[in-house]
Amino acid sequence: MHLPADFDAEIYDIVAQIPAGRVVTYGQLARLAGMPGYARRVGRAMAAAPAGIPSHRVVSAAGRTVPGWTAQRELLEAEGIRFRRNGCVDLAHLRDEF
DNA sequence: CGAATGACCTATC
DNA sequence: GGATAGGCCATTC
């Protein structure tokens, strides 16, 4: 509440449009949704992310995967995402928008 | 109603 | 990329 329900829908819509082999950060999602600075609200929306959207393609700005979700790394690896040894996504060529 | 918590970000070193 | 410091918003206790 306190925010247009369109926001969550917007986030889900953007996440659903993420092509395979590409990942986006929360801040990037918030900016694409037209609400820069609301990255935290994006996280809340993602916490309630329904099935049907590739939520595993959403990572933090540091390239860190979701805590508690061990399968996310495997899912991203299967899509061609390069992972560093410490468990962070290689944000080198993933910084570009789509 | 105030403090704590969380799928966080940006800036700087 | 890694570590530290400050700020952001909504939900939960």
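So you know, we letter chains A, B, ... as the sequences are listed, proteins then strands, and number each from 1. No hydrogens, no waters, no symmetry mates; every other heavy atom, side chains included, goes into these values.
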> To the nearest Å, how far apart are A:D8 CG and C:dA10 P?
Replying inline: 11 Å
> Tell me: CG of A:L29 to P of C:dC9, nearest whole Å?
Replying inline: 18 Å
>> If the condition is side-chain contact (heavy atoms from CB on, under 4.5 Å), which residues does A:A39 pass it with, not counting sequence neighbours?
In response: A:Y26
> Distance between the C1' atoms of C:dG7 and B:dT5, in whole angstroms?
Replying inline: 16 Å
> Between A:F7 (CZ) and C:dA10 (C1'), how many Å, whole number?
Replying inline: 11 Å
>> At less than 4.0 Å, is any side-chain N or O atom of A:R31 found next to OP1 or OP2 of B:dT10? Yes or no.
In response: yes
> Please give, in whole Å, the distance from B:dA7 P to A:H56 NE2?
Replying inline: 19 Å
Got a list of protein N/O to nucleotides 5-8 of chain C N/O distances below 3.5 Å?
unit_1 : atom_1 : unit_2 : atom_2 : d
C:dC8  : O2     : A:R40  : NH1    : 2.9
C:dC8  : N3     : A:R40  : NH1    : 2.6

>> Regarding A:T65, tell me which of base, sugar-phosphate or nothing describes its non-hydrogen contacts under 4.0 Å with the strands shown.
In response: nothing
>> What's the closest nucleotide to the side chain of A:T25 if the choices are C:dG1, B:dA7, B:dC9?
In response: B:dC9
>> Side chain of A:A49 only, heavy atoms from C-beta on: which candidate in C:dG1, B:dC9, B:dA7 is closest?
In response: B:dA7
>> My understanding is that only residues two or more places apart in sequence, or in another chain, count here; which of them pass salt bridge (Lys or Arg N to Asp or Glu O under 4.0 Å) with A:R44?
In response: none
>> Within this structure, what is the CD1-CD distance for the pair A:I18 and A:Q28, rounded to the nearest 0.5 Å?
In response: 8.5 Å
> Residues in side-chain hydrogen bond (donor to acceptor under 3.5 Å, both in side chains) with A:R64, at least two apart?
Replying inline: none
>> Using a 4.0 Å heavy-atom cut-off, does A:V15 contact any base of the nucleic acid, only the sugar-phosphate backbone, or nothing at all?
In response: nothing
>> As a test of reading the structure: which of C:dG1, C:dA10, B:dA7 is closest to the side chain of A:R41, going by heavy atoms?
In response: C:dA10
> Expressed in angstrom and rounded to an integer, what is the separation of A:M46 atom CE from C:dC9 atom C1'?
Replying inline: 17 Å
>> Work out how far the C1' atom of B:dC1 is from that of C:dC13, and round it to whole angstrom.
In response: 12 Å
> Taking atom C1' of B:dA7 as reference, at what distance in whole Å does atom CG of A:L75 sit?
Replying inline: 15 Å
>> Categorize A:R84 for me: base, sugar-phosphate, or nothing, with a 4.0 angstrom heavy-atom threshold over every strand shown.
In response: sugar-phosphate
>> Nearest 0.5 angstrom please: A:D8 CG to A:E10 CD, how far?
In response: 10.5 Å
> Rounded to whole angstrom units, what separation is found between the OH atom of A:Y12 and the P atom of B:dA7?
Replying inline: 14 Å
Run the side-chain donor-acceptor check on residues 68-77 of chain A: report pairs under 3.5 Å with partners two or more places apart or on a different chain.
unit_1 : atom_1 : unit_2 : atom_2 : d
A:Q72  : OE1    : A:V66  : N      : 2.6
A:Q72  : NE2    : A:H56  : O      : 2.9
A:Q72  : NE2    : A:V58  : O      : 3.2

> What integer distance in Å separates A:R44:CZ from C:dT11:C1'?
Replying inline: 6 Å
>> The criterion is salt bridge (Lys or Arg N to Asp or Glu O under 4.0 Å); which residues satisfy it with A:D13, sequence neighbours excluded?
In response: none
